[in-house]
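Take a look at the structure set out below.
Just the heavy atoms: all of them, side chains too, but no hydrogens, waters or symmetry mates, feed the values below. Just so you know, ligand 1 is whichever comes first in the structure, and atom 1 is the first atom listed for that ligand. Keep in mind it's a predicted model, so treat the numbers as computed, not measured.
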Amino acid sequence: MSWEVVIGLEIHTQLATKSKIFSAASTAYGAEPNTQACLVDLGYPGVLPVLNKEVVHMAAMFGLSVNATVAQRSVFARKNYFYPDLPKGYQISQFELPIVEHGELFIADAEGNDKRIGITRAHLEEDAGKSIHEGLDKSSGIDLNRAGTPLLEIVSEPDIRSAKEAVAYMRKIHTIVRYLGISDGNMQEGSFRCDANVSVRPKGQEEFGTRAEIKNLNSFRFVEKAINFEVERQIELIEDGGEVVQETRLYDSDKDETRSMRSKEEANDYRYFPDPDLLPVEITAEYIESVRAELPELPDAKQQRFVAEYELRKDDAAILTSSRPAADYFEAAAAATDAKAQLVANWVVGDLSGALNRDGLNIADSKISAVDLAGLLTRIQDNTISGKIAKQVFEAMWDGEGSADDVIEARGLKQITDTSAIEEVVDRVIEANPGQVAEYKAGKDKLIGFFVGKVMQETRGKANPGQVNQILKAKLSG
Ligand code: ADP
Ligand code: MG
């Protein structure tokens with residue numbers, strides 16, 4: 001029997017506000033426990049939440065970026081449950097009337113074609129605190145610094161058909177929220193995480209199978225591995241005559257498996273109801289249009305423009321537009337040189353990315369500025385150095401030896417384009433290798449590479465390769 005995988009993701013994105021969603025406490029990460037929790041976050045009686053209007057702005061930006069409807073009226077609701085890290089006894093979220101509905105985005109499927117993934121909704125909510133078990137003797141601690149941190153929960157339609165598509169979708173959302181500047185997307189710090197709903201059904205069957213929900217995946221790699229494990233588990237279970245039960249599961253990355261956490265029967269009934277402490281959120285059509293007007297160029301549009309305007313290869317355009325700093329770096333470099341934009345792209349995607357990875361740096365902290373890289377590429381373009389020597393110059397620039405021109409000057413790397421100088425070396429090489437010359441003249445054309453290599457060796461790579469070829473061929477056939 002052949003199976004089809006069905007996946008829907010719920011992504012929790014922490015919004016990059018300075019203060020919390022309903023209080024003035026700071027959202028900065030990493031502070032001493034409970035130093036950033038005010039009376040509202042602690043759930044004291046008598047306090048009242050006040051909505052941070054920045055989160056409405058951010059949610060609207062997101063909604064418009066995924067072609068969704070931004071609701072002019074949305075309502076906060078109480079989701080009731082008991083947990084030590086939730087002192088109020090309820091989480092403020094949105095339920096029946098979320099701020100964003102009916103969106104979509106496009107990912108590349110296995111064949112590289114555009115595939116639409118529907119976005120059911122995105123709603124605003126507050127994060128809970130967290131329990132701390134490590135380093136405490138026979139007791140647990142509660143840290144409420146995270147309580148009240150604003151989250152945007154983005155829920156997809158069950159349109160995803162493989163672990164790879166799930167990762168592509170999640171990456172796309174990650175790119176969009178960072179482009180918009182509404183989240184830092186830091187996955188180690190938990191600012192961007194997802195729950196994956198996974199089911200399988202026999203190919204051709206209309207009805208969905210029963211799903212399991214894998215909670216709290218905080219890396220793209222874990223999303224892929226957890227889904228793949230879960231799919232295998234469900235298929236094996238059904239083929240052995242068993243049944244998938246609807247439940248919440250946890251992914252254990254050490255063992256690379258998912259484990260049952262709680263079944264649907266034990267699940268909470270949240271008794272949602274509108275929060276009487278908060279007014280409905282009402283925004284005008286003009287407000288929504290003003291948000292649309294200030295949206296930055298988004299990843300898809302930028303990628304298409306890079307292909308159209310700079311004539312880049314599509315895959316390079318995709319890599320360069322996967323983050324705004326990378327795209328900005330490329331554009332700044334391309335603007336500062338006459339070298340072909342594709343050459344600029346090759347260097348940014350190739351040597352520069354390699355050096356950044358090696359040193360664990362972000363492109364914004366690159367040791368070679370966009371303008372300095374452009375300076376190097378200009379020297380390839382005007383034949384001062386070859387592409388091969390340029391790699392050496394690049395490394396020296398990376399190590400702080402100055403601009404391309406500084407390095408070329410200090411190391412004497414200027415390309416030899418003086419014809420008579422090259423001819424001199426060519427003559428010497430021909431004289432020293434009579435055997436190869438005879439073979440070449442007898443028709444072994446491939447030996448031209450051997451002669452070019454010798455000339456390059458003698459000039460330490462500095463002879464202009466085009467001229468070397470030309471002069472060699474002329475002299476050898478003479
Ligand atoms: P809940 O209210 O239990 O969270 P929802 O209906 O809101 O359930 O769905 C949550 C997520 O699960 C959505 O992303 C949705 O696309 C996905 N989903 C729903 N049914 C299935 C299914 N049978 N298989 C896989 N994913 C599913
Ligand atoms: Mg859910």
Donor-acceptor list for residues 324-331 side chains, cut-off 3.5 Å, not counting sequence neighbours:
unit_1, atom_1, unit_2, atom_2, d
R324, NH1, Y179, O, 2.3
Y329, OH, I368, O, 2.8
Y329, OH, S369, O, 3.3
E331, OE1, R305, NH2, 3.1
E331, OE2, R305, NH1, 2.9
E331, OE2, R305, NH2, 3.4
E331, OE2, Y310, OH, 2.6

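Here K203 does not pair with E4 in a salt bridge; the nearest charged N to carboxylate O distance is not below 4.0 Å. For the pair K215 and D195, the salt-bridge criterion is met [side-chain N within less than 4.0 Å of a carboxylate O].
Under 4.0 Å from ligand 1, not a single heavy atom of T210 appears.
Within ligand 1, the atoms closer than 4.0 Å to a non-hydrogen atom of V6 are 24 (N), 25 (C), numbered from 1 in the order shown. Taking a cut-off of under 4.0 Å to the non-hydrogen atoms of V155, the atoms of ligand 1 that pass are 13 (C), 14 (O). The G8 neighbourhood of ligand 1 comprises atoms 14 (O), 16 (O), 17 (C), 26 (N), with distances under 4.0 Å to a heavy atom of that residue.
When the heavy-atom distances from atom 18 (N) of ligand 1 to R121, R211, E157, E207 are ranked, the shortest goes to R211. Nearest to atom 23 (N) of ligand 1 by heavy-atom distance, out of A212, S156, G209, is G209.
Below 30°, between 30° and 60°, or above 60°: for H174 and F220 the angle between ring planes is above 60°, a perpendicular geometry.
By the ring pair (Phe, Tyr, Trp, His ring centres under 6.0 Å) test, Y251 pairs with F222, sequence neighbours left out.
Residue F208 has no nitrogen or oxygen atom sitting less than 3.5 Å from a nitrogen or oxygen atom of ligand 1, judged on distance alone.
At least one donor-acceptor pair closer than 3.5 Å links the side chain of Q342 to the backbone N or O of R313.
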